[in-house]
Amino acid sequence: MRVPLNWLADYVDLPADTDPHALAAEFASIGLEEEDFFGPEITGPLVVGRVLELVKEEHSNGKTINWCRVDVGPEHNEDLDDPKDPQPGEERPSRGIICGAHNFVVGDLIVACLPGAVLPGDFQIAARKTYGHKSDGMICSAKELGLGEDHDGIIVLTDLGLSGEPGDDAIALLGLDQVTLDVNVTPDRGYQLSMRGIAREYAQMKGQAFTDIGSSAVAEVNAPTDDGFPVVIEDSNPINDVVGCGQFTALQVTGLDPQATTPFWMQRRLTAAGMRPISLTVDITNYVMLELGQPLHAYDTSLLGEEIFVRRAEAGEKFTTLDDVERTLDVEDLLITDRGGTGGKIIGLAGVMGGADVEVHPGTTDVVIEAAHFDPISIARSSRRHRLSSEASRRFERGVDPKLGPVAARRCADLLVELAGGTLSPATTQVGQAPEPTVIELPVERVASLVGIQYTTAEVTGLLEGIGATIDVIGKDRLAATVPSWRTDITDAVDLIEEVARTGGYDRIPSIQPAARAGKGLTVAQKARRRISNLLAADGFTEVLSYPFTNDKRDDQLRLEADDVRRKHVRLANPMSEDLPLMRTNLLSTLVDLVVRNQGRGAKDVALFEAGLVSTSAGLPEGPGPRHLPGYHPTEAELDKIYASVPHQPYHYAGIISGNAEMPGVWGKGRKAEATDVIDTVRRIVAVNGLEVTVEADQIAPWHPGRAAKFVLADGQVLGHAGELHPKVCENLGLPARTVGFEIDLDALLAQEDLRAWDGALSTYPVSRQDVALIVDAELPTQTLAATLREGAGEELELLETFDLYTGDQLPEGKKSLAFRLTFRAPDRTLKADEASAMREAATKLAAERHGAEVRS
């Protein structure tokens with residue numbers, strides 16, 4: 001927010017010798033940080049001049065110039081072009097200046113920049129020979145002085161309503177000696193985007209009295225009448241049950257003088273505040289917006305329909321804004337139209353920008369002034385949706401005082417009557433009412449407990465009254481604060497405490513480093529991740545991180561079935577890349593890219609792993625979830641609905657080995673990675689977490705159908721898969737043949753009961769070992785047979801080991817021989833050989849019943 005200091009002085013007692021830098025430091029102490037300074041940019045003699053003589057001269061280049069004699073006052077007159085003594089009858093000496101503009105005549109008061117002056121942009125003025133004369137200075141235009149963009153003609157002071165005598169200082173006359181302070185307004189303090197708000201902050205900071213020119217208790221406002229311009233508000237699609245337009249005030253001014261122009265003092269203030277003067281009516285609406293903080297809009301009455309209708313847009317409606325851009329509207333966009341229904345002409349994107357159909361123009365004589373209050377969330381979303389930020393939207397989306405509309409409309413109308421000769425109609429429209437004020441209870445002792453300063457009740461009361469709050473004492477050291485209407489950011493007692501700390505001065509708050517709280521240590525999940533990552537790193541894997549974005553093409557490359565749940569992705573509304581619009585459902589889909597990249601960089605033997613989240617659509621509601629969060633803290637029911645719409649994101653581990661698992665060297669030839677390497681890796685991951693897992697053969701993409709394993713946990717959940725990748729998958733992805741990998745669901749693993757919590761006792765009695773070889777079908781998984789033996793052997797079985805696998809001519813076709821070592825130990829006695837043998841026979845008997853196993857002699 002740009003704050004011209006001479007404008008600020010209209011509302012507060014601002015000394016003329018105020019140091020802008022010191023003022024900026026004071027503002028920073030209450031949260032208004034300085035962004036920039038815009039100060040005097042002109043040095044040297046810039047004076048009022050009167051044109052005494054003007055001679056038009058045609059030159060060979062086709063340009064017509066004016067050779068002027070200009071009286072610039074006794075101190076500056078010096079005839080450099082004709083140094084002879086003045087002729088008889090000549091009243092005073094003058095300076096000769098060449099000027100190419102033609103909008104002035106003899107006798108006009110102009111602005112002359114004399115040699116030695118420096119204009120904005122470090123443009124130095126000197127006397128110079130041109131067009132056969134020595135031009136001793138320059139007659140200035142508005143653009144050359146930084147007063148605007150007009151460069152078609154020079155400044156004629158009488159046209160600006162200014163006067164003076166030749167030689168007067170034009171810098172002071174034009175306000176070019178004034179300083180503008182640009183302060184950074186935080187998004188929660190929209191009231192500071194006005195001279196009213198900044199003046200209030202200054203008065204609070206300096207302890208001055210403040211007269212609120214934006215309060216209806218002070219300013220004159222019109223009472224609503226039945227014959228006001230018709231306005232209808234219809235909101236069929238409110239956001240968070242908040243109507244998009246809560247209040248609408250409309251006043252009518254007739255008989256405006258189309259020839260009236262914006263006075264220079266207003267143009268100067270608008271320019272200093274960063275706005276470009278356009279026309280008198282538009283300039284007045286902008287001036288009042290900067291002054292009070294209420295955006296306004298003026299419509300040409302002759303171009304309006306029979307009523308003003310406020311509604312939400314229909315999907316796909318089109319509207320061309322004032323910047324000549326056609327925009328496709330959304331159902332959340334709030335519109336101003338000239339009659340009800342979708343057939344009405346759209347005249348504005350509410351709170352953001354109007355259209356060209358009913359804007360005021362040079363011939364406008366009658367206007368309708370709109371001062372509305374719009375829902376901040378609606379305006380913010382429309383502004384961002386259409387990438388259209390305006391001075392109005394910046395204020396509405398930060399919160400405008402809901403009681404300010406009638407005051408601002410009347411202020412605008414009064415200026416139109418004063419400056420454009422109009423007549424204010426008594427017909428007044430006011431639809432809707434301002435909300436009831438918020439009352440918050442505040443225990444005074446809580447202020448000290450949060451801020452660290454002992455404030456008295458009187459001090460807290462004074463500071464809160466300084467921001468506009470009304471304070472009532474409701475008990476000993478307990479206050480009730482009625483929040484001012486313009487402070488929409490204050491909703492709780494902590495907000496009042498923040499205002500006490502801010503307006504009381506941040507520099508008063510002691511800088512004390514708080515004592516660090518004792519940590520609670522790592523969580524169970526964090527400990528498990530650390531164990532697993534350390535295990536993989538010790539096995540030679542390198543941890544990597546990939547982006548979690550993918551596409552349908554990757555699912556095809558992994559040969560996933562059409563009905564595979566891993567094809568059901570969450571689609572991003574605003575992806576980083578159009579080629580990667582989906583969230584991954586498994587880590588391997590993105591981890592393979594890093595393997596390929598390492599291979600391409602010459603790393604032929606690669607072992608990588610990644611730990612991270614995947615996104616699944618499991619459990620999501622059929623319809624879309626809430627599109628936006630509400631502008632307030634959601635209720636429990638709303639939170640449940642929001643959380644239900646968030647995809648499930650389990651934590652996975654995945655790894656890939658490509659090339660050698662054991663490197664060649666003096667110790668041997670090395671060994672290529674095999675499916676058994678990653679299968680064993682997963683088993684050890686489970687074991688290091690104190691759990692057990694069942695390993696089964698499986699056929700599932702992207703693994704080789706005969707070289708892949710599925711891991712099933714005790715509760716029946718599938719932990720994951722490991723094995724050799726399918727040859728076609730390797731070919732599709734550009735991976736070397738026989739690449740192996742694994743992927744597991746850590747969340748499923750952590751959901752299991754930790755088997756290390758054993759309440760038994762260690763036995764000190766000796767073990768008894770029994771070996772047995774069983775002939776079974778070649779397709780029977782070893783894990784399945786081992787589980788059966790363990791079940792049949794009973795509780796005294798301490799360890800079951802597989803130590804031999806045989807297939808050959810001595811066995812029938814389709815059979816294999818598996819040799820197991822069974823270790824038995826009793827907790828209370830030494831087992832006899834007969835007891836151990838009986839347990840072994842019970843185990844083999846159950847294996848024979850379930851799997852047709854035969855004991856191999």
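The model shown is predicted, which means the values in this text are computed figures rather than measured ones.
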Task: Atom pair OG1/CG of Thr281 and Asp300 - distance to nearest 0.5 Å - done: 9.0 Å

TODO: Mark yes or no for whether Asp330, through its side chain, and Glu332, through its backbone, hold a donor-acceptor pair below 3.5 Å.
DONE: yes

Open item on the list: Quick one: does any side-chain atom of Ser383 pair with a main-chain N or O of Ile379 as donor and acceptor, under 3.5 Å?
Closed with: no

Task: Over all atoms of both residues, closest heavy-atom pair of Ser382 and Leu334 - done: OG-N, 4.3 Å

Task: Criterion side-chain contact (heavy atoms from CB on, under 4.5 Å) on Glu33 and Val183, from CA distance to verdict - done: CA-CA 6 Å; Glu33 294 185 0; Val183 294; over 6 Å; no

- [ ] Apply side-chain contact (heavy atoms from CB on, under 4.5 Å) to the pair Ile213 and Arg411, showing each step before the final yes or no.
- [x] CA-CA 10 Å; Ile213 60 175; Arg411 170 71 168 149; over 6 Å; no

TODO: For the residue pair Arg312 and Ile239, establish whether any side-chain heavy-atom pair is separated by less than 4.5 Å.
DONE: yes

TODO: Answer yes or no: is there a donor N or O on one side and an acceptor on the other, between the side chain of His102 and the main chain of Gly100, under 3.5 Å?
DONE: yes

TODO: Could you tell me whether the side chain of Gln204 reaches within less than 4.5 Å of the side chain of Ile467, counting heavy atoms only?
DONE: yes

TODO: Just say parallel, tilted or perpendicular for the rings of Tyr287 and Trp265, cut-offs at 30° and 60°.
DONE: perpendicular

Task: Short side-chain to backbone donor-acceptor contact, Asp188 and Asp489, under 3.5 Å - done: no

Task: Pair Arg385 + Asp333, salt bridge at N-O below 4.0 Å - done: yes

Open item on the list: Is it the case that atom CD in Gln208 sees more than 12 heavy atoms from other parts of the structure closer than 6.0 Å?
Closed with: yes

Open item on the list: Testing the basics here: between Ser135 and Thr130, what is the closest heavy-atom pair and its distance to 0.1 Å?
Closed with: CB-CG2, 4.1 Å

Task: Closest non-hydrogen atom pair, Ile155 against Ala142 - done: CG1-N, 3.6 Å

Task: Test item: side-chain donor near acceptor, Ser194 and Arg395, under 3.5 Å - done: no

Open item on the list: Apply side-chain contact (heavy atoms from CB on, under 4.5 Å) to residues Leu329 and Leu335 and explain how you reach the verdict.
Closed with: CA-CA 9 Å; Leu329 303 177; Leu335 303 180; 3.6 Å; yes

Task: Close side-chain approach of Leu157 to Phe264, heavy-atom, < 4.5 Å - done: no

Open item on the list: With a 6.0 Å cut-off (strictly less than), is the heavy-atom count around NZ of Lys56, excluding the residue itself, greater than 12?
Closed with: yes

TODO: Measure from NZ or CZ of Arg2 to the centre of the six-membered ring of Phe38 and say whether it is under 6.0 Å with the direction within 45° of the ring axis.
DONE: yes

Open item on the list: Are the side chains of Leu304 and Ile347 in contact, using a 4.5 Å heavy-atom criterion?
Closed with: yes

Open item on the list: Tell me the closest heavy-atom pair linking Ala408 and Leu292, and the distance in Å.
Closed with: CA-CD1, 3.8 Å

TODO: Ignoring hydrogens and angles, tell me if any N or O in the side chain of Thr364 forms a donor-acceptor pair with the backbone of Pro362 under 3.5 Å.
DONE: no

Open item on the list: I need the Trp7 CH2 to Leu270 CG distance, nearest 0.5 Å.
Closed with: 6.0 Å

TODO: Would you indicate whether the side-chain heavy atoms of Cys412 and Gln294 approach each other to under 4.5 Å?
DONE: no

Open item on the list: Is any side-chain heavy atom of Ile125 closer than 4.5 Å to one of Leu114?
Closed with: no

- [ ] State whether a side-chain donor-acceptor pair under 3.5 Å links Lys318 with Thr328.
- [x] yes

- [ ] Write down the atom of Ala24, the atom of Glu34, and the distance for their closest heavy-atom approach.
- [x] CB-CB, 3.8 Å

TODO: Enter the distance from Met138:CE to Cys99:SG here, rounded to the nearest 0.5 Å.
DONE: 9.5 Å

- [ ] Quick one: pull up NE2 in His76 and CG in Asp71 and give me the separation to the nearest 0.5 Å.
- [x] 11.0 Å

Task: Shortest non-hydrogen contact from Met353 toward Asp323 - done: SD-N, 3.8 Å

Open item on the list: When you measure from the side chain of Thr337 to the backbone of Phe309, do you find a donor-acceptor pair of N or O atoms at a distance under 3.5 Å?
Closed with: yes

Task: Side-chain touch Glu370/Phe229, heavy atoms, less than 4.5 angstrom - done: no

Task: Nearest-0.5 Å distance that lies between atom CG in Leu193 and atom CD1 in Ile198 - done: 8.0 Å

TODO: Please report the C-alpha distance between Thr249 and Arg410 in whole Å, then the side-chain angles of each, then the deciding distance to 0.1 Å, and finally whether the side-chain hydrogen bond (donor to acceptor under 3.5 Å, both in side chains) criterion is met.
DONE: CA-CA 10 Å; Thr249 301; Arg410 178 58 187 268; over 6 Å; no

Task: Side-chain donor/acceptor of Arg95 to backbone N/O of Gly137, under 3.5 Å - done: no

TODO: Compare all side-chain heavy atoms of Tyr299 with those of Ile308 and state whether any distance is below 4.5 angstrom.
DONE: yes

Open item on the list: The test is side-chain contact (heavy atoms from CB on, under 4.5 Å); show your working for Leu174 and Leu145 and say whether it passes.
Closed with: CA-CA 10 Å; Leu174 296 174; Leu145 298 180; 3.8 Å; yes

Task: Separation between OG1 of Thr429 and CD1 of Ile369, rounded to the nearest 0.5 Å - done: 11.5 Å

Task: His373 side-chain N/O to Val400 backbone N/O, donor-acceptor pair under 3.5 Å - done: yes

- [ ] Report the residue from Arg196, Arg189, Arg502, Lys206 that forms a salt bridge (Lys or Arg N to Asp or Glu O under 4.0 Å) with Glu201.
- [x] Arg502

Open item on the list: Main chain of Gln252, side chain of Asp366: is a donor-acceptor contact present, judged purely on distance under 3.5 Å?
Closed with: no

Open item on the list: Please check this pair: side chain of Arg50 against backbone of Gly107, looking for a donor-acceptor N/O pair closer than 3.5 Å.
Closed with: yes

